[in-house]
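Throughout, a chain's letter reflects where its sequence line sits, starting with A, and its residues are numbered from 1. The figures that follow rest on heavy atoms only: side chains count, while hydrogens, waters and symmetry mates do not. As the structure is a computational prediction, the values presented were derived from the model and not from experiment.
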There are 2 protein chains.
Amino acid sequence: MQNFIRHRYSVRKYLSKDISNELLNELFETAFRTSNTGNMQTYSVIITRDVKKKQELLPCHFNQAMITEAPVVLTFCADFRRFSKWCELSNAKPAYNNFLSFFSAATDTLLAAQTFTIAAESKGLGICYLGTTNYMAQEIIDILELPSLVIPITTITLGYPDEQPAQTDRLPIEGLIHYEIYNDNKDIKEMYAYKESLPEMQKFVLENKKESLAQVFTDIRYNKDNNEAFSKRLLEAIKNQGFLF
Amino acid sequence: MQNFIRHRYSVRKYLSKDISNELLNELFETAFRTSNTGNMQTYSVIITRDVKKKQELLPCHFNQAMITEAPVVLTFCADFRRFSKWCELSNAKPAYNNFLSFFSAATDTLLAAQTFTIAAESKGLGICYLGTTNYMAQEIIDILELPSLVIPITTITLGYPDEQPAQTDRLPIEGLIHYEIYNDNKDIKEMYAYKESLPEMQKFVLENKKESLAQVFTDIRYNKDNNEAFSKRLLEAIKNQGFLF
């Protein structure tokens, strides 16, 4: 089982073959067994199959073709609304309009999403996560008609793979684990040496006319202006959905 | 594989049997293959085996015995420090001191943590997540000596199981999935009927002298005062670690 996960890769090109609701439900049954806070299950998943809805979502995900090409797009949302409604129906006063509840619901959403992807891959499906969900949360809220106390956390495209890409590199695990306390004296340069040596990374630097791979990240891919603008937008969306006051 | 996940349960009692570093590393190798934002791998894991460190962490986790009884406690942290240091060493200007970067790193941390737990359970280990990590983030930061741009996101206790508890209930999946748009007209009472009918839930209501199960949540387990106080503390910790300005 571990071997299977260890050799996984994200898939961005899918066959047109559809995914049955039966299979989807089976995967949800598995995903929803994931550990969660107080067994409140504070998440919902919006299933997008409709071509028009995919077209609406497309710009939210920076026009990445997999949104319209994948047979199924899943938006995993933190959802304290269902639980709060149940409280109100039970003569109880819910108070989940706060940041802790947002973060706890987001946590449970992400853990369930990850179990979903592992279950899906074990069935021969391919997936890709879309981080754009956090950049364009408000637009997605509008398109999927998410009410207050519901907010999109991550999106997954799902389908039968039409590509078998090479695995991407990873940092050596010694760089990522620490014994008893955080070790702030690790040799960073050494840790990144393999990544920097890869021909595809060197190509990346040349194509972007940068001096170093890190500059591709700081100046282009994840730059200050975008990070700050999208931070503001994400906090606004969290507030608009009632999780900050 | 799915069957295996579908029958899982959290484990809070462990045998004294130790876990080798070799096995731990194997599980990390698997976990760190998880999808992540821009392949930046913005997380770190602090491994606690030391008895004194466990004693220090114990009150942060509301004195739950599994902290000291489990052979290994893992604190999964969002970490933009390593990446930022690499940028600085590469003549690049990192700008990850913002909320988007916090949330993106937290996302990658949680996805990796969930893969870790599935890999661990596939090896016969038991795990339990501790949500207290978000309540007591600042105290954990101090104990584990986490520098700026590093913040604890979740904690897992890990060990060979010394119990085989019954699985907890789950809501029917139809309650949690939505087609194309959020369906705000689902029958909430019906969705929660099974949960409310369970003898252990009815006992829970009686023991806490409440009128309904929902009141146990709103008045005791996840009440307004705590939610609001811990929201403030969590936001403070995020700010102190340099992710909000």
Might you point out which heavy atoms bring A/K189 and B/L89 nearest each other, and give the distance in Å?
-> CE-O, 3.9 Å
Chain B heavy atoms under 4.5 Å from A/F103: which part of the residue, side chain, backbone, both or neither?
-> side chain
Heavy atoms, side chains only, cut-off 4.5 Å: are B/H178 and A/T75 in contact?
-> no
Applying a strict 4.5 Å limit to non-hydrogen atoms, the region of B/K195 in contact with chain A is side chain
Contact class of A/V150 relative to chain B, heavy atoms under 4.5 angstrom = side chain
Value for CG (B/N227) from CG (A/L100), rounded to nearest 0.5 Å, stands at 5.5 Å
Close side-chain approach of B/R82 to A/M191, heavy-atom, < 4.5 Å = yes
Do you know which two heavy atoms are closest between A/D184 and B/K85, and how far apart they sit?
-> O-NZ, 2.8 Å
Any side-chain heavy atom of B/F99 within less than 4.5 Å of one from A/N134?
-> no
Are any of the side-chain nitrogens in A/D219 or B/K93 under 4.0 Å away from the carboxylate oxygens of its partner?
-> no
For B/R233, is it the side chain, the backbone, both, or neither that has a heavy atom closer than 4.5 Å to a heavy atom of chain A?
-> neither
Residue pair A/L110 / B/L111: nearest heavy atoms and the distance that separates them = O-CD2, 3.3 Å
Looking at OG1 of A/T30 and CD1 of B/I5, how far apart are the two atoms once the value is rounded to the nearest 0.5 Å?
-> 6.5 Å
Under 3.5 Å, is there a donor-acceptor pair linking the side chains of A/N98 and B/E228?
-> no
Under 4.5 Å from a heavy atom of chain A, the part of B/L130 involved = neither
For B/S90 and A/A214 the tightest heavy-atom approach is CB-CB, 3.5 Å
Go through the atoms of A/E29 and report whether side chain, backbone, both or neither lie under 4.5 Å from a heavy atom of chain B.
-> both
If one checks every heavy atom of B/T37 against chain A at 4.5 Å, the contacting part turns out to be both
Pairs of heavy atoms under 4.5 Å with chain A: top-ranked of B/Q41, B/K224, B/K54, B/R8 = B/Q41
Would A/Y182 and B/D79 count as having a side-chain donor-acceptor pair, cut-off 3.5 Å?
-> yes
Under 4.5 Å heavy-atom distance to chain B, tell me which part of A/R221 shows up: side chain, backbone, both or neither.
-> side chain
Give, as side chain, backbone, both or neither, the part of B/T34 having an atom under 4.5 angstrom from any heavy atom of chain A.
-> both
Inter-chain contacts: residues 140-147 of chain B against chain A, heavy atoms under 4.5 Å | B/I143, B/L144, B/E145, B/L146, B/P147
The reported gap from OG in A/S104 to OH in B/Y135 (rounded to nearest 0.5 angstrom) is 6.5 Å
Answer with side chain, backbone, both or neither: which region of B/E196 has an atom nearer than 4.5 Å to a non-hydrogen atom of chain A?
-> side chain
Checked B/T154, B/N223, B/V216, B/L213 vs chain A; the most non-hydrogen pairs under 4.5 Å come from B/L213
Please lay out, stage by stage, how A/I177 and B/L24 fare under the test side-chain contact (heavy atoms from CB on, under 4.5 Å).
-> CA-CA 10 Å; A/I177 61 177; B/L24 267 191; over 6 Å; no
Give me the ring orientation class for A/Y192 and B/W86: parallel if the planes are under 30° apart, tilted from 30 to 60°, perpendicular past 60°.
-> parallel
In Å, rounded to the nearest 0.5 Å, how long is the span from NZ of A/K53 to CD of B/E180?
-> 7.5 Å
Of the listed residues (B/T48, B/I46, B/D50), which shares the most heavy-atom pairs with chain A below a 4.5 Å separation?
-> B/I46
How about B/F28 and A/L176: do any of their side-chain heavy atoms sit closer than 4.5 Å?
-> no
Selection from B/Y9, B/Y96, B/Y43, B/F102 maximising heavy-atom pairs under 4.5 Å formed with chain A = B/Y96
Do you know which of B/A95, B/A106, B/S84 has the most heavy-atom pairs with chain A at a distance under 4.5 angstrom?
-> B/A95
How about A/F80 and B/Y222: are their ring centres within less than 6.0 Å of each other?
-> no
Tell me, for B/Y129 versus chain A, whether the close heavy atoms (under 4.5 Å) come from the side chain, the backbone, both or neither.
-> side chain
Between A/S10, A/G38, A/A113, which residue shows the highest count of heavy-atom pairs closer than 4.5 Å to chain B?
-> A/G38
Portion of B/R170 that has a non-hydrogen atom of chain A nearer than 4.5 angstrom = both
Between NZ on residue B/K186 and CZ on residue A/R81, distance to nearest 0.5 Å | 13.0 Å
Straight-line distance of A/I156 CD1 to B/S35 OG, nearest 0.5 Å | 8.5 Å
Is B/R6 reaching over with its side chain to a backbone N or O of A/E26, donor-acceptor style, under 3.5 angstrom?
-> yes
In terms of heavy-atom pairs under 4.5 Å with chain A, the winner among B/N39, B/I127, B/T168 is B/N39
Chain B: which of A/E88, A/R49, A/E174, A/M40 shares the most heavy-atom pairs with it under 4.5 Å?
-> A/M40
Toward chain A, the part of B/N21 with a non-hydrogen atom under 4.5 Å = side chain
Does B/F83 have its ring centroid less than 6.0 Å away from the ring centroid of A/F217?
-> yes
I would like to know whether B/N91 and A/K210 meet side-chain contact (heavy atoms from CB on, under 4.5 Å); could you show each step before the answer?
-> CA-CA 10 Å; B/N91 200 25; A/K210 291 290 163 190; over 6 Å; no
Side chains of B/Q114 and A/T115: donor-acceptor distance under 3.5 Å anywhere?
-> yes
Starting from the C-alpha separation in whole Å, work towards a yes-or-no answer on side-chain contact (heavy atoms from CB on, under 4.5 Å) for B/R33 and A/Q167.
-> CA-CA 9 Å; B/R33 289 302 332 170; A/Q167 272 199 315; 3.2 Å; yes
Can you tell me if CD on A/E190 sees more than 12 non-hydrogen neighbours from other groups inside 6.0 Å?
-> no
